[in-house]
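Order of the sequence lines fixes the chain letters, A, B, ..., with proteins taken first and strands second; residue numbering starts at 1 for each chain.
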Amino acid sequence: MENFSNRLISWQRHYGRHDLPWQQPDAYRVWLSEIMLQQTQVVTVIPYFQKFIACFPTVQDLAGAAEADVMALWAGLGYYARARHLLAAARQVVTIYAGVFPKDPDVLVQLPGIGRSTAGAIAALAYGVRAPILDGNVRRVLIRHQALRMSGRELAEQKQLWALADALTPSKDVAIYTQAMMDLGALVCQRKQPDCSICPIAGDCQSRQRGITDLLPLPANKPVVQRKNLWLVVLMAGDRVWLERRPSRGIWAGLWCFPVCDALPDATQITQLAGGVVVDISTGSAFRHALTHRDLHITPVMVKLSGVSVQTSGWIRLSAVIAQGVPVPVKRIVEEYLHVD
DNA sequence: AATGCGGGGGT
DNA sequence: ACCCCAGCATT
């Protein structure tokens, strides 16, 4: 039997993915896609990637962009610190590295938003530099292949997996190998119902030999998620609504949002928020917005106003709200209650 | 070493 | 309603 990497490389040439929009020898596209793919699946990323490439074809274009435009394009993708780091990194690549992404993963990792795995992916995929990666797919493949009884989330476990990933990474054809590990995890060694019959490394897969593939990786300790009620206050004046920028830290940082209250605001509070005359208040039906660390129950509060000076900068035309860059719950309220897309 | 950060899919 | 997934930065 050929060694681990050769079987994967051969498999990748025949059965791997070759038509993903970022699969060109272009470090900018590889970098952009890898940032978007952090904690995010390929199907979700593709439309965002296409939009970004259309607006910013090169790293220079991105570096010259206004942060507000980048946030607006990123809106809906989540983990918004990624977007701010993306812009900061683009600017550093242009100013420090003359617009050329470094090849050395130890240098790449110093750029904002690039950790060890992303640095390895860029170095390997864009430049063929031998560097290991350890994303969710690779973690699952390694844990199963070696029958490691672990979740892979603990620090010591990650250390062991990194060492393993490093040891298995070949020096030849490293780009194909890296794509193979990603594709195998996505297409064959899926979390549920892996298809071992078509797996190129099933022959020496330890979990398969023991019949425990479905049990690995072990479930992680799940943190308690606290439930929180929020009220999003939709202040309406004519064809405009009031949006304010979220603080630069915390949830939805830097995005435009309806005012957030932790309790149903009474008429007095609403008047303070609004600075006009309240004509009508009604509450919509609550909906759930689940995050990893919070379980938000959100109730829209619709407030019709008169006598407000709409010239102030926070009053946004209804038709322009989505393009402004808003979190998903805001988009949802706009689409559900204000009939605009 | 622990915590915070979005959104989506399946059942 | 519940389950699950997926990297980096900050402190």
Side-chain angles (χ1 to χ4, degrees), chain A residues 31-48 71 73-89 92 105 108-122 131-144 151-159 161-162 165 181-182 185-187 189-194 214-228 230 246-257 260 286-298 325-332:
Chain A
W31 163 71
L32 178 59
S33 68
E34 287 300 326
I35 299 297
M36 288 183 167
L37 287 164
Q38 291 168 3
Q39 308 291 91
T40 312
Q41 297 204 332
V42 167
V43 284
T44 308
V45 162
I46 286 177
Y48 285 89
M71 297 309 293
L73 276 181
W74 195 277
L77 202 49
Y79 287 114
Y80 297 99
R82 289 187 293 173
R84 285 197 313 282
H85 293 143
L86 185 84
L87 180 55
Q92 288 187 21
L108 283 165
V109 81
Q110 296 174 41
L111 289 167
I114 299 184
R116 184 172 176 191
S117 190
T118 304
I122 297 168
I133 64 164
L134 188 62
D135 65 6
N137 284 327
V138 175
R139 193 164 63 222
R140 189 170 57 254
V141 169
L142 294 181
I143 285 175
R144 284 177 172 166
S151 72
R153 313 298 183 112
E154 304 296 326
L155 211 58
E157 298 172 351
Q158 289 182 35
K159 204 175 164 190
L161 290 169
W162 269 113
M181 289 297 280
M182 295 172 163
L187 304 175
C189 195
Q190 291 125 320
R191 186 174 62 85
K192 299 178 91 171
Q193 299 176 346
D214 286 335
L215 303 178
L216 299 180
L218 297 179
N221 299 335
K222 42 194 159 191
V224 213
V225 177
Q226 30 177 300
R227 184 196 152 121
K228 191 169 171 60
L230 288 182
R246 297 283 305 164
S248 55
R249 298 172 159 270
I251 194 170
W252 305 320
L255 270 71
W256 291 83
C257 191
V260 178
F287 60 90
R288 189 164 159 251
H289 186 69
L291 313 179
T292 304
H293 55 299
R294 289 245 195 298
D295 189 12
L296 304 179
H297 287 69
I298 298 175
V326 294
V328 164
V330 171
K331 184 165 183 251
R332 175 173 173 161

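A donor-acceptor pair under 3.5 Å is formed between the side chain of A/Tyr48 and the backbone N or O of A/Ala75. Panel note: side chain A/Arg227, backbone A/His297; no donor-acceptor pair is recorded below 3.5 Å. Under a 3.5 Å cut-off, the side chain of A/Gln226 and the backbone N or O of A/His293 do not form any donor-acceptor pair. No donor-acceptor distance shorter than 3.5 angstrom exists from the side chain of A/Arg116 to the backbone of A/Val109, with no hydrogens or angles considered.
Heavy atoms from other residues, nucleotides or ligands lying under 6.0 Å from CD of A/Gln41 number 12 at most.
The stretch residues 35-48 of chain A comes close to DNA chain B through A/Gln39, A/Thr40, each having a heavy atom under 4.0 Å from the strand.
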Collect all protein-nucleotide pairs involving nucleotides 2-4 of chain C in which both atoms are nitrogen or oxygen and the distance is under 3.5 Å.
| unit_1 | atom_1 | unit_2 | atom_2 | d |
| --- | --- | --- | --- | --- |
| C/dC4 | OP2 | A/Lys222 | NZ | 3.4 |
| C/dC4 | O3' | A/Arg191 | NH1 | 3.3 |

Could you list the protein-to-nucleotides 1-3 of chain B atom pairs, N/O on both sides, closer than 3.5 Å?
none

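Contact between the side-chain N/O atoms of A/Tyr79 and the OP1/OP2 oxygens of B/dG4 is not found at any separation under 4.0 Å.
With rounding to whole Å, A/Leu255 atom CG is found 12 Å from B/dC5 atom C1'. Spacing between atom CD1 of A/Ile251 and atom P of C/dA9 amounts to 20 Å, rounded to whole angstrom units. One interatomic measurement links the two molecules: NE2 of A/His293 to P of C/dT10, which rounds to 16 Å at whole-angstrom precision. Rounded to a whole Å, the NE2 atom of A/His85 is 12 Å from the C1' atom of B/dG4. Atom CD of A/Gln190 is separated from atom P of C/dC5 by 14 Å (rounded to the nearest Å). What separates CZ of A/Phe287 from P of B/dG7 is a distance of 11 Å, to the nearest Å. Going from atom CG of A/Leu161 over to atom P of C/dG7 covers 13 Å, rounded to whole Å. Rounding to whole angstrom units, CG of residue A/Leu291 and P of B/dC5 are separated by 9 Å.
With a 4.5 Å cut-off on side-chain heavy atoms, A/Arg153 and A/Arg139 count as touching. Side-chain contact between A/Leu87 and A/Trp74 is absent, with no heavy-atom pair separated by less than 4.5 Å. Taking the side chain as every heavy atom from C-beta outward, A/Pro194 and A/Arg144 approach each other to under 4.5 Å. Within the 4.5 Å cutoff, side-chain heavy atoms of A/Met181 are placed close to those of A/Leu142. The side-chain heavy atoms of A/Phe287 and A/Arg332, taken from C-beta on, include a pair separated by under 4.5 Å. In this structure, A/Leu255 and A/Val330 have side chains that are not in contact, with every pair of non-hydrogen atoms separated by 4.5 Å or more.
Contacts of A/Arg140 with the nucleic acid, taken as non-hydrogen atoms under 4.0 Å apart, involve only primed sugar atoms and P, OP1 or OP2. Nucleic acid contact for A/Leu134: none, since no nucleic acid atom lies under 4.0 Å from a heavy atom of the residue. When heavy atoms are screened at a 4.0 angstrom cut-off, A/Arg139 is found touching the sugar-phosphate backbone but no base atom.
Side-chain proximity of A/Pro329 to the nucleotides B/dG7, C/dC8, C/dA9 is greatest for B/dG7. Across C/dG7, B/dG7, C/dC5, the shortest atom-to-atom separation from the side chain of A/Thr118 is found for C/dG7. The side chain of A/His289 approaches B/dG7 more closely than any other nucleotide in the set B/dG7, B/dG4, C/dT11.
A donor-acceptor contact closer than 3.5 angstrom links the side chains of A/Arg82 and A/Thr40.
In this view, A/Arg191 satisfies the salt bridge (Lys or Arg N to Asp or Glu O under 4.0 Å) rule with no residue, not counting sequence neighbours. Shown here are the side chain to side chain contact (heavy atoms under 4.5 Å, CB included) partners of A/Val260, two or more places apart in sequence or in another chain: A/Leu230, A/Leu232, A/Arg246, A/Cys257.
Rounding to the nearest 0.5 Å places CD of A/Glu34 at 4.0 Å from CE of A/Met182.
Both A/Arg249 and A/Thr292 lie close to DNA chain C; mapped to their nearest nucleotides by heavy-atom distance, the more 5′-ward contact belongs to A/Thr292. With DNA chain B read from its 5' end, the first of the two nearest nucleotides for A/Lys192 and A/Val328 is the one closest to A/Val328.
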>> Give the dot-bracket line for DNA chain B from 5' end to 3' end: parentheses for intra-strand Watson-Crick or G-U pairs under 3.5 Å, square brackets for crossings, | for inter-strand pairing, dots for unpaired.
In response: |||||.|||||

